[in-house]
J.: 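I am attaching a structure below and will ask some questions about it afterwards.
Atoms within a ligand are numbered from 1 in the order they appear, just like the ligands themselves.
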Amino acid sequence: MGSIITIDPVTRIEGHLKLKVNLDDNRKVKKSYMTGNLYRDFENILKGRKPWDAVHITQRICGVCPISHAITATKAAEQMAGFIPDDQALLIRAIIQSAYFISDHILHFYHLNLPDYIYPPDVAPLRPAYNRDLRFSAGQTEKLVNNYVEALKIRRQAQEVVAILAGRMPHVMSIVPGGVTQAPSHEQIHTLKGYLPAITDFVLNRYYPDAHLLSQVYADYFKIGKGTGNLLCFSAFDLPRGESVFRQGLLTDMERESLSLQDIREFVRYAYYSSPSDLHPSHGETTPSYGRSPGYTWLKAPRHRGRPYETGPLARMTVNGYFRGGCSTMDRILARAEETKLLAERLPQWVHALVPDLTSYTDIALPPSGTGVGLTEAPRGALGHWMECTSGGMISRYQIITPTCWNASPRDDNGVPGPIEKALEGTYVEDMNQPIELLRIIHSFDPCTSCSVH
Ligand code: NFE
């Protein structure tokens, strides 16, 4: 007969997500369905506005990764103007982006993900609903809880690095088409440098070893939540001389293939939209139609050459050869820790390369009509903004594909499930009342439904 498990809401993520799975008689997941809620209509709100507004409006999609939206909207406008930012602007953007990646990955490891594996007896806010399959000793748990608390302080410091260069955090002000409006003074650069030792020390000596400890104690999760091996990433952390930390690329079934932006489509048969399916984002449309059958979510289903792709730290690090592992729950957690270490090691070089008081903003004019594509990597994966302007430089079309759109996508028009749905299939659930296995798989992707349902 089988049975059904529903988790609604899925907590310790950003946004409003529901999971429903069908299990067979042996309590293995046969089919899973991810539902993203809270639609806000951002793509239509942007129509009739200027590209400069998109930088600030799209940041309101999400308070967790506004910087990625700011960078992507800015790059779309700069591409339309044929403008390339100068070295100092690229460095400042890279510092802002990496400090916030570090803060965000620490947030994920300690505050969103770790409570799936620990259940501290005396710390009330840290007691999640499930308390099964707990394997850490009392001493290890105490150490992890101490680092959980310390992580709050380090996150604040990384966010202060962002705020010094970006004006505020979240929803940053200094990243704009034409460069960066902040020219950091000697004193500000000195303050930035003062933050770095504690951040680097925490990443190298607490987060990184804690992630490895988790992967040893829960080594069976290298075989649970396995993805398809389809991994996609865009270019990100653009640096002077055309360099970047991550190059765009794609693995299909773990084999390298070319990534072609022209081969991206969004499918909506199983989403709450009445606009046409199978459209390229440069021609995309968004007509909400809540409850439309057979839709079950507000997420569209992005595909590359018709296939679903996982995106995020595992994809970036694997595609770029920084991480060699598999494609599982624990590989996702380890790749994220490896990426944080890589960025924490590079961040000081970029801060030291800043030139005090150097202006890196150019007043640029955008053409009255045209198109622009902005691509970057957000902490959760590949992010793209496709913008079209007509009539006096006003936006006439704006389409956004976020990382969690790729990862938590529903079935496409051929009925092929999205990456998280697929990773859940085949999972054995030991206790129907506490399906911790499912939660651990979902959390390894660090989904954000605010971004994916925009
Ligand atoms: Ni709302 Fe976002 C997603 C990330 S897109 S957190 O998915 O990372 O910038």
J.: So if I count the atoms of ligand 1 from 1 in the order they appear, which ones are less than 4.0 Å from some heavy atom of S68?
T.: 9 (O)
J.: Who passes ring pair (Phe, Tyr, Trp, His ring centres under 6.0 Å) against H212, sequence neighbours left out?
T.: Y208
J.: Distance check, rounded to the nearest 0.5 Å: R397 atom CZ versus N44 atom CG?
T.: 10.5 Å
J.: Which protein N, O or S atoms sit under 2.8 Å from atom 1 (Ni) of ligand 1?
T.: C62 SG, C448 SG, C451 SG
J.: Given E425 and K422, is the salt bridge (charged side-chain N to carboxylate O under 4.0 Å, His left out) satisfied, shown in steps?
T.: CA-CA 5 Å; E425 281 182 13; K422 184 72 189 158; 3.4 Å; yes
J.: Provide the number and element of each atom of ligand 1 under 4.0 Å from a heavy atom of P379.
T.: 8 (O)
J.: Tell me if the NE2 atom of H283 is crowded by more than 12 foreign heavy atoms within 6.0 Å.
T.: no
J.: Looking at N230, L259, V319, which hits side chain to side chain contact (heavy atoms under 4.5 Å, CB included) with L250?
T.: L259
J.: Should the ring pair W350 and F237 be called parallel, tilted or perpendicular, given that the plane angle runs from 0 to 90° and is split at 30 and 60?
T.: parallel
J.: Checking K300 against Y273: charged group under 6.0 Å from the ring centre and within 45 degrees of the axis?
T.: yes
